[in-house]
Amino acid sequence: TTGQLDTAREMIGRAVDQLHPYVAAGVPVVGLEPSCLSVLRSDAVELVDDPRAVDVAAGVFTLSELLTRTEGWTPPDLTGTTLVVQPHCHQASVLGFEADMAIMTATGATIDRVSGCCGLAGNFGVEQGHYEVSVAVAEQQLLPALRRAPEGAIVVADGFSCRTQLDDLVSVEGQHLAQLLDPRPT
């Protein structure tokens with residue numbers, strides 16, 4: 001968004017160099033941050049003139065994609081729990097969110113999926129003059145969903161930007177899907 005394409009190409013090229021041996025060997029690579037994973041799935045192929053970028057794009061997965069294809073894995077039972085789920089914009093536009101929803105549905109939890117953007121949008125919401133717009137976007141879907149959520153609801157937000165917005169605007173700590181599925185007691 002800030003026009004640093006040469007730097008982006010250099011950084012993505014290094015990532016392709018590092019990840020390609022793993023994906024070429026069939027090792028699934030999991031990306032936990034949706035914006036970073038979408039760079040490897042989409043931007044890398046467009047920005048880097050390297051055929052290995054296509055292999056890397058095909059060999060990187062979301063946590064939910066990996067878990068849904070892992071034989072014998074089952075999610076925890078969260079029956080009686082309400083999840084307010086804020087998909088990151090890159091999950092909605094690049095990665096897909098079906099596997100995430102399938103896993104969360106399989107937990108037995110009640111799910112309130114937010115359909116809009118959190119409003120932070122990467123660096124947009126922290127740039128001078130954008131704060132009011134950022135908050136107004138959050139007020140479209142996310143903040144009303146939090147206000148109507150029952151006491152004890154868990155907010156699931158994989159994106160760092162989404163979790164930052166939650167913390168900054170309403171002092172709510174969102175959980176990544178990996179945290180929600182962690183079998184260790186909290």
Side-chain angles (χ1 to χ4, degrees), residues 15 19 28-42 60-126 130-131 133-186:
L19 295 175
V29 175
V30 175
L32 294 179
E33 170 55 45
S35 57
C36 296
L37 188 55
S38 71
V39 166
L40 295 171
R41 283 249 182 105
S42 178
V60 295
F61 302 93
T62 67
L63 175 63
S64 59
E65 289 168 340
L66 180 70
L67 292 174
T68 56
R69 68 183 221 171
T70 300
E71 190 173 324
W73 182 85
T74 57
D77 182 357
L78 298 177
T79 303
T81 303
T82 296
L83 305 177
V84 176
V85 180
Q86 171 64 50
H88 187 280
C89 290
H90 286 113
Q91 288 171 308
S93 64
V94 177
L95 302 173
F97 201 64
E98 296 79 17
D100 299 74
M101 284 301 295
I103 285 177
M104 286 184 276
T105 300
T107 68
T110 301
I111 300 170
D112 181 3
R113 179 180 173 177
V114 178
S115 62
C117 177
C118 73
L120 192 56
N123 63 325
F124 173 83
V126 296
H130 294 169
Y131 178 77
V133 173
S134 177
V135 173
V137 171
E139 279 293 351
Q140 295 296 307
Q141 299 289 327
L142 178 58
L143 298 182
L146 295 176
R147 286 192 284 272
R148 71 176 173 262
E151 183 74 28
I154 298 171
V155 181
V156 180
D158 284 358
F160 175 78
S161 295
C162 303
R163 291 191 311 275
T164 299
Q165 187 79 317
L166 287 163
D167 186 44
D168 287 350
L169 295 183
V170 289
S171 299
V172 169
E173 185 176 336
Q175 287 189 10
H176 190 284
L177 181 65
Q179 293 170 294
L180 179 73
L181 301 176
D182 188 346
R184 294 174 293 178
T186 55

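Atoms CD and CG, from Q175 and L181 in turn, are 9.5 Å apart once rounded to the nearest 0.5 Å. Atom CG of residue D167 and atom CG of residue L120 lie 11.5 Å apart, to the nearest 0.5 angstrom. Atoms OG1 and CG, from T107 and L83 in turn, are 5.5 Å apart once rounded to the nearest 0.5 Å. With rounding to the nearest 0.5 Å, the separation of CD in E33 from NE2 in H90 is 9.0 Å.
A 6.0 Å sphere centred on CD of E139 holds more than 12 heavy atoms belonging to other residues, nucleotides or ligands.
The two residues Q165 and S134 make their nearest non-hydrogen contact at NE2-OG, 2.9 Å. For the residue pair L169 and L143, the shortest heavy atom distance occurs at CD1-CD1, 4.2 Å. Residues R69 and P28 share a closest heavy-atom pair of NH2-CB, 3.8 Å. The heavy-atom pair separating D158 from H176 by the smallest distance is O-CD2, 3.4 Å. Nearest heavy atom pair, residue V114 against residue Q141, reads CG1-CB, 3.5 Å. Taking every heavy atom of both residues into account, T82 and P150 meet most closely at OG1-CG, 3.5 Å.
Within the 4.5 Å cutoff, the side chain of M104 has heavy atoms near those of the V85 side chain. Using a 4.5 Å heavy-atom cutoff, the side chains of F61 and T68 are not in contact. The closest side-chain heavy-atom distance from L37 to L95 is below 4.5 Å. At least one side-chain heavy atom of V155 sits less than 4.5 Å from a side-chain heavy atom of L146. Counting heavy atoms from C-beta on, the side chains of V30 and T62 never come closer than 4.5 Å.
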Side chain to side chain contact (heavy atoms under 4.5 Å, CB included) between I154 and V156, intermediate numbers included: CA-CA 6 Å; I154 298 171; V156 180; 4.3 Å; yes
L32 and F160: CA distance, side-chain angles, deciding distance, side chain to side chain contact (heavy atoms under 4.5 Å, CB included) verdict: CA-CA 10 Å; L32 294 179; F160 175 78; over 6 Å; no
Derivation and outcome, side chain to side chain contact (heavy atoms under 4.5 Å, CB included), residues L177 and S64: CA-CA 8 Å; L177 181 65; S64 59; 3.9 Å; yes
Side chain to side chain contact (heavy atoms under 4.5 Å, CB included) assessment of M101 paired with E98: CA-CA 5 Å; M101 284 301 295; E98 296 79 17; 5.9 Å; no
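Using a 4.0 Å cut-off between charged side-chain N and carboxylate O, R148 and D112 make a salt bridge. Between E65 and R41 there is a salt bridge, since a side-chain N of the basic residue sits under 4.0 Å from a carboxylate O of the acidic one.
At least one test fails for R113 against the ring of F97: distance under 6.0 Å to the centre or angle within 45° of the axis.
At distances below 3.5 Å, not a single donor-acceptor pair connects side-chain atoms of S42 with backbone N or O atoms of V39.
Here the rule is side-chain contact (heavy atoms from CB on, under 4.5 Å) with C118, and of L142, V137, L166 only L142 fits it.
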